[in-house]
Amino acid sequence: MVRRSSSIKIQPPTYGNLITILSIDGGGIRGIIPGIILEFLESQLQEIDGEDARLADYFDVIAGTSTGGLLTAMLTAPDETNRLLFAAKDVKPFYLENSPKIFPQKRGLFGWVGRLLTFLFGPKYGGEYLHKIIRELLGKTRLHDTLTNVVIPTFDIKNMHPRVFSTYQAIETPSLDAGLSDICIGTSAAPTYLPAYYFKNQYKQSDVREFNLIDGGVAANNPALVAMSEITKQIFDGHPDFFPIKPTDYGRFLVISVGTGTSKVENKYNAKKAAKWGLLGWLLNGGSNPILDVFTQASADMVDLHISAVFQALHSEENYLRIQDDTLTGITSSVDGATKENLNKLVEVGQSLLKKAVSRVNLYSGLFEPIKKGGTNEDALKKFAKLLSEERRLREFKSPFKKKCSK
């Protein structure tokens, strides 16, 4: 059995057959759900390649938005010994311990009134604990320090355009090589829930760049397509890591896209109710934010629809796996319902999702439907783990810069 140090980076795609991408949606505390899925995937890689195997050892790019951006940083940032800071199995305990402190729950009448007043005059949560824990975790780590390439979308509210932080751009454009903690705080700044985030990035002795960021979910709650676009740009630019791959070689992409769950379609809102909403109704209804829910879910679903169409057109749909649960109800569908009971329920949702049938979006109806004889998500992840391991071995065999792995 091969045992690999998590500090050994994957060799570039030019020595292999595939371009491997892991994408993680935004969704607040629902980040527990992809945490469970990724823990299973990493365990399968460890069964093949040994207990030191980590997700970052197998993916050319890991992309994440909002809570997915935080997960991306946790799974790719180095510790002081240049090994990975977190294993996937550490995600669930992190969320269970810290979510109630990030989103403190106020109960009773006075708690409800306090939340309403806070909402009317500022964000629902101050974000102090979130900022503190992110800075403690990531320290002075910068974007270029990650142990595989990352892509984290945000939105610059001052300039009114998406700002994508990617390792590729950080190397070429030093002004974008920001602190990983600043990027994570920015991509997590969900409107009405957490405050917008301003920071400066000093990239030369006398040069400073300013950023005014909110949650990347307003632009790309599902960042899979952004990750694919970042790679396509590198191919256009003739990056040696991708030679001789062509910009149209989408059949070489292997993509695992993990959602954080969405509401049961017919359950949460309807037109009869929405027809009566004013500004407050669209912004605060039943303890949630309808307009933010609509934007983020529509964005994520459109990305899935587009990628599915491309992969099916190229007859390579087996290279794209989207794992999502669209049956959440009540507080389980919220981004901030950080009660002990709900957090444990989200763990159960993630575990149940592994047992559900592999599903794919229907290009005509737009609905997520089980694939006939497609097996379960567990089965699919086992298959993908084998593909990822084989791809890494192939690259190590063909690369003139391969490093010896201890046995």
Side-chain angles (χ1 to χ4, degrees), residues 1-24 34-64 68-91 137-138 141 143-152 166-168 171 180 224 227 230-231 241-242 252-258 319 321 380-407:
M1 180 181 291
V2 177
R3 295 186 180 274
R4 298 192 177 95
S5 164
S6 57
S7 62
I8 298 176
K9 290 187 177 182
I10 185 172
Q11 295 297 315
T14 188
Y15 303 116
N17 294 328
L18 301 169
I19 301 170
T20 55
I21 296 174
L22 172 63
S23 174
I24 312 168
I36 299 295
I37 303 301
L38 298 179
E39 180 180 353
F40 179 81
L41 175 58
E42 191 169 88
S43 73
Q44 296 308 300
L45 292 166
Q46 289 169 346
E47 283 193 15
I48 299 170
D49 290 333
E51 62 184 14
D52 288 338
R54 298 289 183 268
L55 293 173
D57 299 337
Y58 298 87
F59 288 98
D60 296 306
V61 175
I62 299 181
L70 177 56
L71 274 166
T72 295
M74 291 167 64
L75 297 172
T76 61
D79 63 15
E80 62 278 1
T81 66
N82 205 38
R83 292 174 64 83
L84 286 158
L85 190 63
F86 275 79
K89 67 180 181 180
D90 300 321
V91 170
L137 280 175
L138 300 175
T141 304
L143 187 55
H144 79 272
D145 293 321
T146 56
L147 295 180
T148 193
N149 298 297
V150 303
V151 172
I152 302 177
S166 85
T167 312
Y168 298 116
I171 294 170
L180 206 53
E230 285 296 304
I231 289 174
D241 282 358
F242 299 96
R252 295 183 68 163
F253 281 92
L254 184 148
V255 181
I256 299 177
S257 175
V258 189
N319 279 14
L321 176 64
L381 289 170
K382 289 178 181 178
K383 179 187 124 182
F384 272 72
K386 185 177 179 182
L387 289 171
L388 289 165
S389 178
E390 290 172 351
E391 175 68 12
R392 172 152 180 146
R393 289 172 186 267
L394 174 64
R395 295 186 192 184
E396 288 176 348
F397 177 75
K398 293 177 68 176
S399 172
F401 307 106
K402 61 188 175 185
K403 299 179 181 180
K404 294 181 180 179
C405 299
S406 59
K407 295 185 178 181

*Intermediate values then yes/no, side-chain contact (heavy atoms from CB on, under 4.5 Å), Ile21 and Val151*: CA-CA 10 Å; Ile21 296 174; Val151 172; over 6 Å; no
*Where do Leu18 and Asn319 land on the side-chain contact (heavy atoms from CB on, under 4.5 Å) test, with the steps shown first?*
CA-CA 10 Å; Leu18 301 169; Asn319 279 14; 4.0 Å; yes
*Give the intermediate values and the outcome of side-chain contact (heavy atoms from CB on, under 4.5 Å) for residues Ile10 and Glu391.*
CA-CA 10 Å; Ile10 185 172; Glu391 175 68 12; 5.6 Å; no
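For the side-chain contact (heavy atoms from CB on, under 4.5 Å) test, residues two or more places apart in sequence or in another chain that qualify with Phe242 are Pro13, Ile19, Tyr168, Ile231, Gln234, Ile235, His239, Ile245. Take Thr76 and apply the side-chain hydrogen bond (donor to acceptor under 3.5 Å, both in side chains) test, not counting sequence neighbours, and it matches no residue. Applying the side-chain contact (heavy atoms from CB on, under 4.5 Å) criterion to Leu85, with sequence neighbours excluded, gives Ala77, Asp79, Leu138. Every residue meeting the side-chain contact (heavy atoms from CB on, under 4.5 Å) condition with Ala385, not counting sequence neighbours, appears here in chain and number order: Leu41, Gln44, Leu45, Ile48. Annotation: ring-ring contact (aromatic ring centres under 6.0 Å, His included) contacts of Phe253 (sequence neighbours excluded): Tyr250.
Residues Ile152 and Gly69 come closest through the heavy atom pair CD1-O, 3.9 Å. The two residues Ala224 and Val255 have their closest heavy-atom pair at CB-CG1, 4.5 Å. Contact record, Ala56 with Thr148: O-CB, 3.6 Å, taken as the closest heavy-atom pair. Residues Pro34 and Val258 share a closest heavy-atom pair of CB-CG1, 3.5 Å.
Tyr58 contributes atom OH, which lies 9.0 Å from atom CD of Glu42 (distance to the nearest 0.5 angstrom). Within the model, atoms CG of Leu22 and CG of Leu321 stand 10.5 Å from one another, a figure rounded to the nearest 0.5 Å. Note: Leu180 CG to Met74 CE = 11.5 Å, rounded to the nearest 0.5 Å.
Residue pairs meeting the side chain to side chain donor-acceptor pair (under 3.5 Å) criterion with at least one member in residues 12-21, sequence neighbours excluded, are Thr20-Asp60.
Here the side chains of Lys9 and Leu147 are in contact, with some heavy-atom distance below 4.5 Å. The shortest distance between side-chain heavy atoms of Phe86 and Leu71 does not fall below 4.5 Å.
Looking at Gln46, its side chain does come within 3.5 Å of a backbone N or O of Ala53 through a donor-acceptor pair. The main-chain N or O of Glu51 is found under 3.5 Å from a side-chain atom of Arg54 such that the two form a donor-acceptor pair.
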